[in-house]
Every structure is written in structure tokens, then in C-alpha cells.
Amino acid sequence: MVDEVFERLLRTRGIFKNREVLRSDFIPEKLPHREKEIRKLAEILAPILKGIRGSNILIYGKPGTGKTACIKKVIKKLQAKCEELHLNNTLCYVNCRISGTAYRTLSSIATSVEVEVPFTGIATGEVYNRILRGLRKMDGMLVITLDEIDTLAKNANGDKVLYELTRINENIGVGKVTLVGISNDLTFKEYLDPRVLSSLSEEEVLFRPYNAEELTDILKERAKEAFYKNALEEGVIEYCAALAAREHGDARRALELLRVAGEIAERKGDNVVTLESVDMALKTIEEDRYFESIRTLPLHSRLLLLCIFQKTQNNKRTTTGEVYQLYTTLCGELGLDPLTHRRASTLINELEVSGIILCKIVSQGRYGRTRRISLNIPKKILIRALKADPHLEGMLPEN
DNA sequence: CCTCCACTGGAAACCTAGGCTC
DNA sequence: GAGCCTAGGTTTCCAGTGGAGG
């Protein structure tokens, strides 16, 4: 049987010529419909080739509008040019969401100016001082790109760190550092410290969502590289583009859709990606997203979700109080210390934010105010994901 | 109109696990 | 080893709050 699988794979030419091209972190040679933006970014940053600091830039736009790809592309070209001219400029890219905290963001910057910092243990201020020291020693210019800067600005120390970064040139006494901030959140400017905002947005570049035609162009461009000739049924690209355009023109989603559709077709042993495989891809992607987000939830969140599931069987809706009561008994049975009501409330809130459950705060007059909770995803997926933990398996129905 | 329920959600303190410097 | 620092999760405390029932 296994041999047969191998044989089939080897016999068919397959669908993908190079599937890496469809990954979201792949930076293609051509970025259709973003020529203007790339040009503008290049113009702003170009002065560093002459040893002059470029303006700080604030880039914003919805997810999947090409912000990261464009800046990375410009950085790459700039880096190449610097090497060609033997310039000692440093271009540093940090994703604030992935680094997670203000401290780790700073420590990434420190690394790029060749300063060693421990991954924990010293004050953020100290990391900043070490960066300053590193910068004074360095003779070239530094461009710091802070991707998903909104996540940094939102956390407590983040805005302080951001403020210090915008004043970094004053602190070292020379204009050496250019900051590029990238935000997915369009309202991000509102909660930013006005001093930071004015410094950061010396230049602003707005990325509009792609429409269906633009997405089609992007997909076509990549599909040329990614798939063999005639591997796509007529209309597949347009269909992917239309589906993604419906969801605020997210190119990342469109590419993912196309890739997964290809993988589905490949696994079936087909030589062609059909419209039907796109439909299946859409479903798979959504299910996988929920499955993963549940499976990786901390234990107590999963327990609460399990309680919500049990309380909402037969289409009933439940309340925080009911869920918490069941949760404490469940913890007793499992020999766990239950979290407090307050904490559980926050965790339930988080479950809502991730889209797994739906909550509505209702007032029942004499009977108090509470959340009315219902499930927001198919039971099947929920059960499958919770069963991934052997401890919970016994508490769930067969299917 | 007033009360009062069953919470919500902000704020701050506390705890743990890591690590630095002296 | 003492005395600091950090992040991140959790607890403690408490001031709200919308509206059914009196």
C-alpha cells in the first residue's frame, strides 16, 4: 500500500514546480501593483547611501497588503547596494509580534548592532544603553524596521521603548538611525504617544487592500513559478482571488488558498487543480486554524471550553456562572487547583476574541448581569481538537 | 422609582522562573 | 549569596452596571 503511494507520486509529474513561491514569507522578484509604494520607500531610504539619515517612515495597511514584502524587498536591494559600495550600513528587521515583548524587541536590535545581551535578566533601560554604546562605535547608518509595531505600542513598556527609540539620534548626538514602523492596525495612530507619532511619521505610506483583479495578477505571477503548465483548471486563480478579495483583499490568504488547493489535488493524485479543490482548501484552512488554536490553548482554557461545550449541548446557551461551577467540579475530579472566577472570566474573554465562542453581555435584571455564551465553531472540530489531549479524551462524546 | 443580583473588567499586588552584578 | 532586574500568569480587591421585580 505504501509502495503504491510512492509509485503514484513518482509516476505523476505532479503539480508543483516550486511550492515555496506560494509561501507568505517568500519575496518575489516582482510585486505587482506596488511599484509606487516601493519607489517611495526606496526614495526615502536612499540618502543613507550618501551617509545621510533618511526620514522615519510609518507604513500602515491591512494584513496581506504587501507591506512587509515591499519593505523587505527595498531593504534587500539597499543591502546589496551598500555591499557593492563597501558601505558599513546596517539594516535591521524585527517583527515585534514575534519577538513578543519590548525587551526582546530591543534585544534583537542590540544583536544587529553587534551588542550581546542576555535573553532575560537586565533592565530594558540597560539594553537601550548598550545599544547606544554599540551605535557610537559603529560608523555606518542604521535602519531599524519594526514590523507589527502596533503590538509593541499596545503593551505596557512598549510605548516607553518606542519613545526612547525615536529619540535615539538625539541621545547619540548624530543622525544615524532611521526608523521604519509597520502597522496592521489602521487605528494604531490614535493610541500612540503624540511625540512618538510625530517623530515616527515624518513620512507615511498607506497600503490599500488589493481588489480582485490585482489579486489575480499577483496570483498569476506566482503561479507561473509555482505550478507546471496546465496544472490549473481555468478560473482557479480568479476564484481564489475573488474569495480573498471578499475578505479585505488579503494576498496572503489568496496565496495560501492556492497552495493548499494544489496540495489537496496533489494528494488525490490529480494533475490539475480544480475549482472544487479550492473549495476544499477554503474549508481545510478554516478548520485547521480552529483546530490549531484550540489544541495549543493552555490547559485551563481548554477545560473552560470543555465546560462550555457540555453546557451548550442541544443548542442551549450558557452563562459564566454555570461554566465556572462546572469547571471547579471538573478541576476537583482531575485533582487540579481551579483558577479564580476573575481569571476564568478573562480566559473566556480570550476564547471569544479568538472566535471559538460567541459571547454577549446580557442583563437578566434581578438575576444579574452575565455573558451569554454559545459555541461559534462546528462541534466536530472542537471535539477533535480537545481530544488531542489524552486527559480530556474520556470526557468527550465519540464523535 | 429603587434595589439588588451576578456578574464585568480595571488596577494593583503577588508569585514564579529566569538572570545580572557585585 | 544578596539584592537587584525582567516577563508573564494569577490573585485580590473593588467600583461599576442593565434591568426584572418589588
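Naming: A, B, ... by sequence-line order, numbering from 1 per chain.
- If you take CZ of A:R130 and P of C:dT6, they are 13 Å apart, rounded to a whole angstrom.
- A:K360 has its NZ atom 18 Å from the P atom of B:dC7, to the nearest Å.
- Taking atom CZ on A:R369 and atom P on B:dC4, their separation rounds to 18 Å, with Å as the unit.
- With a 6.0 Å cutoff to the six-membered ring centre and a 45° limit on the axis angle, A:R384 counts as a cation-pi contact of A:F291.
- Taking only side-chain nitrogens and oxygens, A:R371 comes nearer than 4.0 Å to OP1 or OP2 of B:dG9.
- In this model, the phosphate group of B:dA6 is not approached by any side-chain N or O of A:T320 to a distance below 4.0 Å at OP1 or OP2.
- Ion pairing of A:R252 with A:E256 is absent here, as no side-chain N (NZ or NE/NH1/NH2) approaches a carboxylate O to less than 4.0 Å.
- Whole-Å rounding puts the A:Y324 OH to B:dA6 P distance at 16 Å.
- The hydrophobic cluster containing A:L303 also contains A:I357, counting ILVMFWY residues as joined when their side-chain heavy atoms lie under 4.5 angstrom apart, directly or transitively.
- We find that CG of A:N129 is positioned 15 Å from C1' of B:dT21, with the value rounded to whole Å.
- Atom OH of A:Y327 is separated from atom C1' of B:dC7 by 18 Å (rounded to the nearest Å).
- Considering only side-chain N and O atoms, A:N349 lies nowhere under 4.0 angstrom from the phosphate OP1 or OP2 of B:dT8.
- The pair A:E202-A:R53 counts as a salt bridge, with a side-chain nitrogen and a carboxylate oxygen less than 4.0 angstrom apart.
- Here A:S363 does not reach the OP1 or OP2 of C:dT17: none of its side-chain N or O atoms lies under 4.0 Å away.
- The residue among A:R342 and A:G321 whose nearest nucleotide of DNA chain B is located toward the 5' end is A:G321.
- Annotation: cation-pi pair A:R19/A:F26 absent, no NZ/CZ under 6.0 Å from the ring centroid and within 45° of its normal.
- Residue A:R343 has a polar side-chain atom (N or O) positioned under 4.0 Å from OP1 or OP2 of C:dT10.
- Look at CD on A:E352: it is 11 Å from P on B:dT8, rounded to the nearest Å.
- Atoms CD (A:Q325) and C1' (B:dC7) sit 14 Å apart, rounded to a whole Å.
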